[in-house]
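First listed ligand is number 1; within each ligand, the first listed atom is number 1. Keep in mind that what you see is a predicted model, and the values were worked out from it rather than measured.
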Amino acid sequence: MIDFHSHILPKIDDGSASTNESLELLTLSKQQGVDCMVATPHFYASDTNPERFLEARLHSFRRLSDAAANRALPGIIPGAEVSYFEGMSDCPELSELKIEGTSLVMVEMPMCRWSGRMLSELSAIHEKTGLIPLIAHVDRYIKLLHDKKIIDKLSGLPVLIQANASFFTDKRTSRLALSLMSKNKIHLLGSDCHNVVTRRPNLGEAYKVIEVKLGNDALKRISENETIVFADNSSVAEALFI
Ligand SMILES: [Fe+2]
């Protein structure tokens, strides 16, 4: 079980506030059945640049890796949650912000109506760089933009889609989440955990809901998607586009 979205690296964004809290987040994730966590600290092009961000991420990553060494905790894979910015397809360092070992770059879309220009930019990322945008927490746009059909806007685009565990565990949204999952419109899951109090690791709970409601085949599909993206086989990943 891979958690594709987490803010477990200490003191780098609004996620974990200390190395100890990060260790707690890793422990809680392990208890949820997570084998591996993709660390996706926020990247805002307006606040920093890739070079500074990568240096800060490396520092934080090393700190946590050293503290976690010799403990039976989930592995950590460096990534980033890149806030959408105009011209990102032309950013020469974009590939350095990808999820290590994959061709995926996680993109957090703006919380406003998505323009045609924004959607073209997503296509341009794939065309110009070969990277595949992984749309972060698709459920948040559905909720905050009050648009259940927003996922249809991504249809035909070269993107993969990540949803948060809470989409499945929240009784108000679970039905929609399961329906999208059964139509293969959600590819990868994440907890988007930030801390041990209000935004805790909860991926295992979502897996349970999926197993009960959709059966083992759905879990198998998630696992196959994980294998595909880490095999870094773009042509197979392209077959997953909605
Ligand atoms: Fe996030």
Neighbour count >12 (heavy atoms, 6.0 Å) for atom CD, Glu93: yes
The Fe ion (ligand 1) - closest N/O/S atom in Asp192: OD1
Nearest to the Fe ion (ligand 1) - the N/O/S atom of Glu81, by atom name: OE1
For Phe4 against Thr40, the heavy-atom pair lying closest together: O-CG2, 3.6 Å
Identified side chain to side chain contact (heavy atoms under 4.5 Å, CB included) counterpart of Ser22 within the set Val196, Leu64, Ile76: Leu64
Whether His7 has an N, O or S atom under 2.8 Å from the Fe ion (ligand 1): yes
N/O/S from His5 sitting under 2.8 Å away from the Fe ion (ligand 1): yes
Residue pair Asn164 / His137, side-chain donor-acceptor N/O under 3.5 Å: no
